[in-house]
Each structure stands twice: as structure tokens, then as C-alpha cells.
Amino acid sequence: MAFQFLSADEPWMIQAAELLCRPSVLSDLRKSDARCIVSYMRPCRFEDGDVLLQEGEQGENAHMLLVLHGDVSVETSMMSREQPVVVTVLGEGGLIGEMALLDGAPRVATCVAQSTVICASLTRRDLRRMMDDEPVVAARLLASIGERLAERLREANRQQRLYQQLMRAMQDEIDELGRQLQCVIGGSVQRGQAEAAAERGTQPASSWPNSGS
């Protein structure tokens, strides 16, 4: 991960606190809580093409990043593809790495800077320090992150159900097309047999009289 920490001046802290309070970032977070949380964060800079987070990496000092400026693509690898698949692109207010901040588990996606990116970083070490110094604020932060992850899980489940419905509908269409194709093929075969019999001056075998009658 290539990045550089920036000097901690007040403007980025004000912006970070305002972004944290957005309903789309961390819901139900008080402004005073956000200002306290930001005091434990550090600003950092990434250049175009830098990897912010790498899929599969893990470590005791995993961190969460709040995007203050620039665009970040979220990518994941698939067994059937040589190139990663871009899942989404995050801009100002994008929050990434919050799951690993909680459990330190391996990253599930790779995040790449699509331009010069400025972020505010909160590490697991700083989170533990906050829990010691400001346990109430830390608890509210963890609760907000939990709600965010739960909402993402619900959305993933909704998308999975929709995907399953679409797959069933597509399979029904394929089955119906298969039946129609079999009818067309059957009709073509019968017409071909009739035309061949007519050319020979005979009737198709299917229309011959039963010799036993």
C-alpha cells in the first residue's frame, strides 16, 4: 500500500466530521461524536493507481478509510476472469475497510485510487485507544458501523433473491424456446418426408395402410 500521511490541519478534520455524520456514511452519529472520532484519525494521500486496500491482506493494524477527495474503485477477483471486476466506484464520503477494522479479517476486495485521493484513516490500534479514552463514543461508532454492515447484508440478500428470480424467469424462457424449436424441427421433418414421398410418387410411410387389416 503506497501512501503518505499528511499534516493534521483543521480543514480536513472539519470535512471528515461532516462526512461521518451523513446518513449515507454512518447513520445516527452525533456531530460531537464525529469530531471526537476524527481526532483519532490521520489524513493520508494516494496517487492515481495506488492500491488503498488489497484483497486478501490482513493485519493487526488494519484500518478504515473515509474518502475526503477523489475517486476509488472497489474491485474483486473472480475465478473465471483474468482481470478483476469493478464492483463500484466511491467518491467523497465513501467509507471502506470498516469490516476489517472490526475483526482484522482478510480484505474481501481491492480498492484502487482512480485519481489523487485524500482519505482519513482510523486504525484498529487507534480504535482501541478510543475505546479506552472515550468508551461511549467508541460504542456509538461500533454501533453505527454494525448498522451499516447489516444494511449492506440486507441489500446483498435482496439482490440475491432478485438474481434467483431472474434466473428462474430466464430458464422458463429457455425451456419455452426449446419446446418451440422442437415443434419447428418436428414440422420440418414431416414436411421433408412428405416432399420426398411425393417426388417418388409414393405416400409417406406414416400414411401407408395397415397390411394386417
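Small disclaimer: the values here were computed from a predicted structure and weren't measured. Sequence positions, counted from 1, serve as the residue numbers for this chain. Keep in mind that the numbers below use all heavy atoms, side chains included, and drop hydrogens, waters and symmetry copies.
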Kindly indicate whether the side chain of Val112, heavy atoms from C-beta on, has any atom under 4.5 Å from the side chain of Phe46.
no
Using the rule that two of Ile, Leu, Val, Met, Phe, Trp, Tyr join whenever any of their side-chain heavy atoms come within less than 4.5 Å, decide whether Leu149 and Ile37 are in one cluster.
yes
On a heavy-atom basis, which atom in Arg107 and which in Ala100 lie closest, and how many Å separate them?
NH1-CB, 3.1 Å
Would you give the length of the straight line joining atom CZ of Arg125 to atom NE2 of His63, rounded to the nearest 0.5 angstrom?
12.0 Å
Leu122 and Met130: side-chain contact (heavy atoms from CB on, under 4.5 Å), yes or no, with the steps?
CA-CA 10 Å; Leu122 179 66; Met130 187 194 312; 4.2 Å; yes
Please assess Met41 against Leu66 for the test side-chain contact (heavy atoms from CB on, under 4.5 Å), listing each intermediate value before the final yes or no.
CA-CA 10 Å; Met41 303 177 80; Leu66 172 66; 4.3 Å; yes
Walk me through it: do Gln54 and Thr110 pass the test side chain to side chain donor-acceptor pair (under 3.5 Å)?
CA-CA 4 Å; Gln54 180 66 53; Thr110 296; 3.3 Å; yes
Is there a donor-acceptor pair under 3.5 Å between the side chain of Ser115 and the backbone N or O of Asp71?
yes
Derivation and outcome, side-chain contact (heavy atoms from CB on, under 4.5 Å), residues Leu52 and Ile96
CA-CA 9 Å; Leu52 285 68; Ile96 53 180; 4.0 Å; yes
Do you see a donor-acceptor pair shorter than 3.5 Å between the side chains of Thr116 and Glu47?
yes
N/O donor-acceptor pairs under 3.5 Å from side chains in residues 133-142, not counting sequence neighbours:
| residue | atom | partner | partner atom | Å |
| --- | --- | --- | --- | --- |
| Asp133 | OD2 | Tyr40 | OH | 3.1 |
| Arg140 | NH1 | Asp33 | OD1 | 3.2 |
| Arg140 | NH1 | Asp33 | OD2 | 3.3 |

Quick check: does any side chain N or O of Arg124 sit under 3.5 Å from a backbone N or O of Leu101, one acting as donor and the other as acceptor?
yes
Search all heavy atoms of Ser73 against all heavy atoms of Gln114 and return the closest pair with its distance.
OG-NE2, 2.9 Å
Between Val86 and Val89 the two heavy atoms that sit nearest each other are CG1-CG2, 4.3 Å
Separation between CE (Met64) and CD (Glu98), nearest 0.5 Å, reads 7.5 Å
Of the non-hydrogen atoms in Val38 and Ala17, which two are nearest, and what is the gap between them?
CG2-N, 3.6 Å
Qualifying residue for side chain to side chain contact (heavy atoms under 4.5 Å, CB included) with Leu95, from Leu65, Leu26, Leu90
Leu26
Applying side-chain hydrogen bond (donor to acceptor under 3.5 Å, both in side chains), name anything that partners Glu92, two or more places apart in sequence or on another chain.
Gln15, Arg22
Heavy-atom closest pair, residues Cys111 and Val72
CB-CG1, 3.7 Å
To the nearest 0.5 Å, how far apart are CZ in Arg35 and CG in Leu29?
11.0 Å
Sidechain N-carboxylate O distance under 4.0 Å for Asp126, Arg129:
yes
Tell me if a side-chain donor or acceptor on Arg42 pairs with a main-chain N or O of Ala120 at a distance below 3.5 Å.
no
Which heavy atom in Val74 sits nearest to a heavy atom in Ala109, and how many Å separate them?
CG1-CB, 3.8 Å
